[in-house]
Enquirer: 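Please read through the structure below; I'll follow up with questions.
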Amino acid sequence: MKIRTFGRHGKEGFKNLFRNGWMTFAAVSGVAVTLLILGVSLIISVNLQNILSNIESELQFNAYVSDQVKTSDLPVLLHEISSLGGVKQVTLITKEQALSTMKKTLGPNADLLNGLGNPLPNEFVVKVDNPKMIPQIASLVTQISGIQKVQYGASFIPRMLSIFTIVRDTSIIFIIALIVMGMFLISNTIKITIFTRRREIEIMKLVGATDGFIRGPFFVEGTLLGIIGAFIPSVILNQGYYFIQKNVVLFPPFSLMPDPIVMNRVLPILYAVGLLIGAWGGIMSMRRYLKV
Amino acid sequence: MKIRTFGRHGKEGFKNLFRNGWMTFAAVSGVAVTLLILGVSLIISVNLQNILSNIESELQFNAYVSDQVKTSDLPVLLHEISSLGGVKQVTLITKEQALSTMKKTLGPNADLLNGLGNPLPNEFVVKVDNPKMIPQIASLVTQISGIQKVQYGASFIPRMLSIFTIVRDTSIIFIIALIVMGMFLISNTIKITIFTRRREIEIMKLVGATDGFIRGPFFVEGTLLGIIGAFIPSVILNQGYYFIQKNVVLFPPFSLMPDPIVMNRVLPILYAVGLLIGAWGGIMSMRRYLKV
Amino acid sequence: MIEMQDVWKEYNNGVTALQGVSVRIAQGEFVYVVGPSGAGKSTFIKLMYREERPTKGHIFVGGFNIERLRDRQIPFMRRHVGVIFQDFKLLQKMTVEENVAFAMEVIEASKRLTRKRVKEMLELVGLIDKAKMFPNELSGGEQQRVAVARALVNKPSVIVADEPTGNLDPDNSWQILKLFERVNDRGTTIVMATHNRELVNATRKRVIAIEQGQIARDEERGDYGYED
Amino acid sequence: MIEMQDVWKEYNNGVTALQGVSVRIAQGEFVYVVGPSGAGKSTFIKLMYREERPTKGHIFVGGFNIERLRDRQIPFMRRHVGVIFQDFKLLQKMTVEENVAFAMEVIEASKRLTRKRVKEMLELVGLIDKAKMFPNELSGGEQQRVAVARALVNKPSVIVADEPTGNLDPDNSWQILKLFERVNDRGTTIVMATHNRELVNATRKRVIAIEQGQIARDEERGDYGYED
Ligand SMILES: Nc1ncnc2c1ncn2[C@@H]1O[C@H](COP(=O)(O)OP(=O)(O)OP(=O)(O)O)[C@@H](O)[C@H]1O
Ligand SMILES: Nc1ncnc2c1ncn2[C@@H]1O[C@H](COP(=O)(O)OP(=O)(O)OP(=O)(O)O)[C@@H](O)[C@H]1O
Ligand SMILES: [Mg+2]
Ligand SMILES: [Mg+2]
């Protein structure tokens, strides 16, 4: 193929985008909406994965210190717990800290606590490497003298974990299914668009054009269509997510991942789907009309 | 319009469905996939709403009884707590019950507890009418003599509630946006389909057909297209959800709602969207070609 | 029956296809419209059933004032005018007989009458054995004859034909013309744009010659003209 | 140059359009193909550039054995054959000049040559002032002349024309025919299906008459025949 033919294909592809008028608009907006749905789902999924692993890493139990233990002995206890296998971090919450937290929580109702003294015990918050180990480690902590009681969600934790696993796996399956269906929807739109131009393709073939020559401008057109169709939702998602992430105040473990990290994962998928199906799908679905 | 003309429209509409061959297939499958995505999202959303309100209604706190209180006095305490305003339900968990639950949780590691006696206290589980009231009620419970300590997620509960509210509102907005986008996608597909038949419509008009006469078969065709396009995902969703609901074992509050209840909410939306846009959208988007 | 008063037609792209055409065609007349390619014959004809609207001037067809017509009335006006289009305009998704029947379904004629008339018409144009075929399975001339059948099936009071013999051999052309003459004898007005010198010269009817958008000649019992 | 050996064509719907046609057309000949509507003229012509494939028999055009041709070679064969289609087959999304230029872009001719040839051709068919219009803005005859220009622009060695004057007035028809004769004088083979008795009888070239799918007559310097 001669160089100028490349130039021609580019120009024709671009021209067609305009000459097909609202048909181009319909196809682009169809691709854009599909990718928008896909993008939102991807963002949710990415954040969900993140929250789940946050929660997993946050899983912890509390150990209450009996009131017989002197304040000066607390660091010894802390060291003892820290040295157990599988313990990641141990934090001391003194009874005074616990009380002030409770007062803050109660806010205007904090008066209710007045005159009660401080009924709360000193407390260690124990984080572990693997949340599945909590029961074992907790029972070891119970055996340390000076620890009055350990407290954790009992059967709640393993159940919670199994739920997380289910949610995570489902969301991955869901996203893959959604990508496949998005591809189907987009290629469907493209297929119908090509169908409206089957006569055009047949005529070109009858006038002596090779398959490659006919495909050239369609390829350019499909590529542009894919890029525009991915660009629109990517702008919407980027701006929208940035806005939400700035304005919706959450707290760990329910925090939204930072904008750039999420977009780095989501946008390439959108562009890949849009471009791939826009250009390649167009070329593929015109095959049948080239058989003239 | 004469009766036989109705018959003719029905017959023609049905015939067209077949004569348009793969175009019908493309349109129907486009509608079906869009509605499938919509349906899955609706099912997830319905279940999410349900789980959230389950969790809300499950919110509770624990009150630990000091070891000085005699077992025979426990019912008195229970009554005392129950009679506080805003308390929905109070359940006693004896120290023996608590121990056996813990042993069950530890499973093979239950041996660790042997020789420790029973370090666990008697415990009341208090459910309240409105989870936001937990701090106030808890502080009242603390003042009851014989109660050693109350225990609840501290700042966790109100935060959890704010998260729930955000998730619920987001999911409703998301679903509404999805319905709108689904409608857009379907009407887009239909619009392009009609576009491929603009010449047909124009010719009919030139031969003396009224707008209504031309619309008749298109209306029938669009209706059938909408019904088939909604029927396919409704079968998939019904079967799929039934299967999942039977086979995925969860536990409260994370339980899947029963099949019929979910489907009663989801399927009408699918059929409404499919039918409305299939028939009415088709009629609307042919308007411009009727101006001959 | 058909009347144009100082009709102008400028297309959107700036081409002026008709410039001040005034003409009066009485009920039951048979008129040939001749003229070179691009002269404005098709435009002249398209104005009569409102495929195109005049930029200026008045047009009356039957009882209808074409430019004043409300959108809802257009179909009813068109039912009085049987049109044979230069490019046939057959419905590709319908068989030959369905195409012809369509014009009768539109006026909600009874099924029995429709079947009978369709059969008659297809016999007249010699296509009864291709009744079940689709337009793209027909030769050019066969498609043209389907268009003729569709235009006549309703017994319209005006027949407007844009080169109805362009794709036909002389034999078939003569037959179509005979058909038109028979219909014309029953009082139907016929306006026929044509390039067929043979037909025009052999039948000697009223001839309107259009050149560059104007009526250059309008003769009773005229000939095709343009002899070299 | 063009040879058919016992060629049969049965369409999918069971219609047998050609039954055992054998014919030989030498390089540089000018052949009229005549016959009634639906006789098989278009089918005969479509076989030459492989729009349709024969059910039986052999076809040779230029150096190419049409039925043995690989898919990849078809476009190159078609570049040797300039086709004027009965239904024009213009690209609706392209202007007149783009339609004509397309045939040259396909063979990757230089831009300068393309521009020059397109201009020449449009002048020859009298459409230079409609170069920027789209096909649906043209009259029937104008569209037909664009199709003629496109077929000739590449100087193909064979020109195959299916009723190239069906929508043209006698004047324009004569001009197209003159054009063909000039091209023919330079050695181009011309096969032209036509219903135009005037042209055929006035020019006296080889006439192949097809009737019901068979060659009924094949005369050098023949006439149109079918006189009543
Ligand atoms: N839809 C249109 N838009 C713009 N210009 C048009 C349109 N239709 C026709 N024209 C122009 O109007 C002029 C008259 O066209 P018209 O079709 O009436 O000619 P005609 O006499 O029927 O010619 P022919 O014998 O070739 O069919 C032509 O110059 C043509 O280019
Ligand atoms: N694509 C097709 N499928 C089925 N049958 C066809 C097809 N094309 C043509 N035919 C049939 O084949 C026969 C010959 O058609 P063809 O087009 O060759 O006729 P023709 O001589 O060109 O006629 P005309 O002068 O009317 O153009 C006709 O009876 C027609 O019905
Ligand atoms: Mg015309
Ligand atoms: Mg033919």
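The structure presented is a predicted model; accordingly, all values stated were derived computationally and were not measured. So that the names make sense, note that chain A is the first sequence line, chain B the second, and so on, each numbered from 1.
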Enquirer: Are there more than 12 heavy atoms of other residues, nucleotides or ligands under 6.0 Å from atom CZ of D:Arg24?
Expert: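 No, CZ of D:Arg24 has 12 or fewer neighbouring heavy atoms, counting only those of other groups under 6.0 Å.
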Enquirer: Closest approach of C:Asn167 and D:Glu163, non-hydrogen atoms and distance?
Expert: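 Closest approach of C:Asn167 to D:Glu163, heavy atoms only: CA-OE1, 3.4 Å.
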Enquirer: Quick one: list whatever passes salt bridge (charged side-chain N to carboxylate O under 4.0 Å, His left out) with C:Glu98, sequence neighbours left out.
Expert: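 Only B:Lys15, B:Arg19 meet the salt bridge (charged side-chain N to carboxylate O under 4.0 Å, His left out) criterion with C:Glu98.
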Enquirer: Tell me, out of D:Ser173, D:Ser139, D:Pro170, who's got the most heavy-atom pairs with chain C below 4.5 Å.
Expert: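 Counting heavy-atom pairs under 4.5 Å, the top option is D:Pro170.
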Enquirer: What distance separates D:Arg197 CZ from C:Asp171 CG, expressed to the nearest 0.5 Å?
Expert: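 Result: 8.0 Å between the selected atoms.
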Enquirer: Within residues 30-51 of chain D, which residues come under 4.5 Å of chain C, heavy atom to heavy atom?
Expert: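 Against chain C, the residues of residues 30-51 of chain D that fall inside the cut-off (heavy atoms, under 4.5 Å) are D:Gly35, D:Pro36, D:Ser37, D:Gly38.
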Enquirer: Specify which of D:Glu137, D:Lys132, D:Gln144, D:Lys130 makes the most heavy-atom pairs with chain C at under 4.5 Å.
Expert: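 Heavy-atom pair counts peak at D:Glu137.
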Enquirer: Partners of D:Phe180 by ring pair (Phe, Tyr, Trp, His ring centres under 6.0 Å), sequence neighbours excluded?
Expert: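 Testing D:Phe180 for ring pair (Phe, Tyr, Trp, His ring centres under 6.0 Å), a comparison that skips the adjacent residues, returns none.
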Enquirer: Do C:His195 and D:Thr165 have side chains that approach each other closer than 4.5 Å (heavy atoms only, starting at C-beta)?
Expert: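 Result no, sub-4.5 Å side-chain heavy-atom pair not found.
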Enquirer: Tell me if the CD atom of D:Gln212 is crowded by more than 12 foreign heavy atoms within 6.0 Å.
Expert: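 No - once you tally the heavy atoms of other residues, nucleotides and ligands closer than 6.0 Å, there are 12 at most.
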Enquirer: To the nearest 0.5 Å, how far apart are CG in D:Asp169 and OH in C:Tyr224?
Expert: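 Between D:Asp169 CG and C:Tyr224 OH, I get 5.0 Å after rounding to 0.5 Å.
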Enquirer: Look at C:Gly126, C:Gly140, C:Ala17 and state which one has the largest set of heavy-atom pairs under 4.5 Å with chain D.
Expert: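 Among the listed options, the one with the most contacts to chain D is C:Gly140.
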Enquirer: Rounded at 0.5 Å granularity, tell me how far CG in C:Asn196 sits from CG in D:Asn196.
Expert: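 It comes to 8.0 Å.
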Enquirer: Any chance you could measure C:Gln143, atom CD, to D:Gln86, atom CD, to the nearest 0.5 Å?
Expert: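 If we round to the nearest 0.5 Å, C:Gln143:CD and D:Gln86:CD are 8.0 Å apart.
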Enquirer: List the residues meeting side chain to side chain donor-acceptor pair (under 3.5 Å) with D:Asp185, not counting sequence neighbours, and say none if there are none.
Expert: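 Listed in chain order: nothing, the list is empty.
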Enquirer: Pick whichever of D:Asn12, D:Asn13, D:Asn172 has the most heavy-atom pairs under 4.5 Å with chain C.
Expert: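 Sorted descending by pairs with chain C, the first entry is D:Asn13.
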